Number of protein chains: 2
Amino acid sequence: MSITLKQPEGATPRDCGECPIRHRAVCARCEADELEALDRIKYYRSFEAGRTVIWAGDRMDFVGSVVSGIATLTQTMEDGRRQMVGLLLPSDFVGRPGREAAAYDVVATTDMVMCCFRKAPFEEMMLRTPHISQRLLEMTLDELDAAREWMLVLGRKTAREKIASLLSIIARRDATLKLGSLQGPIVFDLPLTREAMADYLGLTLETVSRQISALRKDGVISLEGKRHVTIPDFHRLLEEAADDGDGGLLT
Amino acid sequence: MSITLKQPEGATPRDCGECPIRHRAVCARCEADELEALDRIKYYRSFEAGRTVIWAGDRMDFVGSVVSGIATLTQTMEDGRRQMVGLLLPSDFVGRPGREAAAYDVVATTDMVMCCFRKAPFEEMMLRTPHISQRLLEMTLDELDAAREWMLVLGRKTAREKIASLLSIIARRDATLKLGSLQGPIVFDLPLTREAMADYLGLTLETVSRQISALRKDGVISLEGKRHVTIPDFHRLLEEAADDGDGGLLT
DNA sequence: TCCGCACCTTGACGCAGATCAACATGAGGG
DNA sequence: CCCTCATGTTGATCTGCGTCAAGGTGCGGA
């Protein structure tokens with residue numbers, strides 16, 4: 001009998017002109033001729049939810065952008081303890097120019113499409129194309145800020161605040177992506193399992209579950225099923241996250 | 001009576017040629033003419049130990065490099081909880097091109113000298129000088145890696161492992177800086193107070209003190225006074241840090 | 001020389017979150 | 001339709017680290 005592989009189709013764009021991340025990815029500042037040069041070294045790859053894109057330590061002969069879907073960057077210790085160190089959303093860059101091996105496990109948590117560039121030609125092109133390296137610098141600085149903000153969450157926040165922080169990040173992203181407002185209620189699906197949330201937050205999955213239940217009981221969020229979340233009052237959530245300055249309403 | 005301000009002198013270089021960080025800072029790849037252009041927009045500033053360089057949220061009209069001494073990047077919550085998000089060593093870059101206000105408190109923990117560039121001309125120069133933005137990209141990617149490694153420490157390591165991790169980082173840096181080997185015993189002075197270590201590690205200063213005492217009792221380290229540390233066996237320390245892969249012996 | 005202050009250490013105790021364990025829920029497959 | 005397995009919830013108990021408290025140490029200044 002023939003097996004029908006669940007093909008994560010859909011988001012693969014026909015060409016850069018109709019690419020959903022055209023104006024946010026590494027290529028954001030490229031001119032037509034530069035896009036054409038990139039086009040010659042690029043290819044698309046699709047991953048099913050749960051598939052590992054690369055294992056830490058493996059040789060990596062490409063870099064690329066997440067086009068659609070979500071991936072995670074995870075570090076694992078010898079005894080099995082795991083810490084997520086990055087959440088890759090559409091337009092985020094994967095891989096590091098000038099490095100042979102992957103530093104972290106990259107796993108697709110939803111069906112995902114990547115736009116990959118062969119590493120050697122990409123590196124060479126970076127030297128000749130300031131538009132690419134300038135944009136990559138900007139994106140890397142943003143990621144560094146995000147990592148540092150996450151250090152505060154990991155080092156100093158309580159379990160409840162950690163959950164609220166994660167929810168507010170996802171809510172904010174979803175609101176801006178769907179052009180929703182942060183005034184009314186926000187509705188979205190959690191893209192992560194409880195275990196993945198625990199890996200992100202430096203908690204156990206039991207604690208994650210308990211704190212989500214507590215936030216639900218206290219009316220900060222409401223749940224339909226296990227993943228579908230409604231935030232009735234975003235400012236209340238920010239208070240629970242002990243998040244001052246409320247992030248300027250944009251990411 | 002005349003007050004003699006304790007002038008942190010010494011390390012201010014006469015010109016770029018004899019600058020101690022010439023080959024590791026943002027300017028590492030610059031040619032003579034590029035250095036000359038940088039020279040026109042640069043000035044040195046000295047800070048005594050304990051002085052705040054900038055407060056988070058303050059307008060920042062310069063960027064720059066640490067020439068000598070050590071500074072910390074710290075984030076503070078409204079209720080006073082603090083998390084250090086970066087340790088700035090000689091050659092590290094301070095500030096972010098394209099940003100108006102400082103994102104974190106920057107504090108000199110030892111006497112420190114900075115080589116500052118006026119922000120607007122520096123940003124303009126970056127556009128024309130790929131050598132600068134390429135080097136800055138490389139440094140930012142390194143910092144991102146360091147931040148992510150620190151996320152694992154904050155999220156998943158025990159107090160004892162956290163202390164051992166911090167000591168191994170300082171030991172490794174010191175060994176490479178002084179061209180020492182990692183085979184024999186390593187000797188250095190802690191550049192941080194117990195409180196600063198606690199802020200870095202997401203602990204309280206009492207726990208830091210207790211764990212240092214425990215490591216001393218177990219022979220992993222030995223102490224003369226409160227700051228002068230000897231590591232008799234670096235590999236033992238790495239084991240205590242639960243640090244696999246031992247970092248390849250270089251930074 | 002002594003004082004004051006910043007920095008550090010150590011002890012007693014409590015609690016947030018980990019651990020261990022049992023059970024619930026729901027989707028996919030035979 | 002039921003079984004299985006992945007995922008999630010909830011309870012009981014344990015423990016690592018925080019909190020509160022009481023000194024100790026050593027340097028700079030009067």
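The basis for the numbers below is simple: all heavy atoms, side chains too, and nothing from hydrogens, waters or symmetry mates. Residue numbering restarts at 1 for every chain, and letters A, B, ... go by the order of the sequence lines. Values in this document were obtained by computation on a predicted structure and should not be read as measured data.
With distances taken from any side-chain atom of B/A159 to the nucleotides C/dA18, D/dC17, D/dT7, the minimum falls on D/dC17. When distances are taken from the side chain of A/S209 to each of D/dT10, C/dA18, D/dC17, the shortest belongs to D/dT10. Residue A/R194 has its side chain nearest to D/dT9 when only C/dC8, C/dG17, D/dT9 are considered. Counting only heavy atoms from C-beta on, A/E206 has its side chain closest to C/dC20 among D/dC20, C/dC20, D/dG8. The side chain of B/R210 approaches C/dG11 more closely than any other nucleotide in the set C/dG11, C/dT19, C/dG17. Comparing C/dT10, C/dG17, D/dT10 against the side chain of A/S213 picks out D/dT10 as the nearest.
A straight line from CG of B/L223 to C1' of C/dC7 spans 14 Å, rounded to a whole angstrom. Taking atom CG of residue A/L201 and atom C1' of nucleotide C/dG17, one finds them 13 Å apart after rounding to whole Å. Nucleotide C/dT25 holds its P atom 17 Å from the CD atom of A/E224, rounded to whole Å. Rounded to whole Å, atom P of D/dG8 lies 15 Å from atom CG of A/L203. Note: CG (B/L154) to P (D/dC17) measures 13 Å, nearest angstrom. Counting to the nearest Å, the P atom of D/dA6 and the CD atom of A/E195 are 12 Å from each other. Look at CG on B/D79: it is 15 Å from P on D/dG18, rounded to the nearest Å. B/K162 has its NZ atom 8 Å from the P atom of D/dC17, to the nearest Å.
Residue B/G50 is classed as having no contact, given no heavy-atom separation below 4.0 Å to the nucleic acid. B/T193 comes within contact range of the sugar-phosphate backbone alone, with a heavy-atom separation under 4.0 Å but no base atom that close. Residue contacts shown for A/R227 are limited to sugar-phosphate atoms, with no base heavy atom under 4.0 Å away.
A/K157 places a side-chain N or O within 3.5 Å of a backbone atom of A/A241 that can act as its donor or acceptor partner.
Put simply, A/T207 has a side-chain N or O that comes within less than 4.0 Å of OP1 or OP2 on C/dA18.
The residue among A/L205 and B/T204 whose nearest nucleotide of DNA chain D is located toward the 5' end is A/L205.
Looking at B/T207 and B/T204, their side chains do bring a donor and an acceptor atom within 3.5 Å of each other.
A 4.5 Å side-chain heavy-atom check between B/V113 and B/R45 finds every atom pair outside the cut-off. Two residues are said to be in side-chain contact when any heavy atoms from C-beta on lie closer than 4.5 Å; B/E239 and B/V220 fail this criterion.
Using a 4.0 Å cut-off between charged nitrogen and carboxylate oxygen, B/R227 and B/D189 do not count as a salt-bridge pair.
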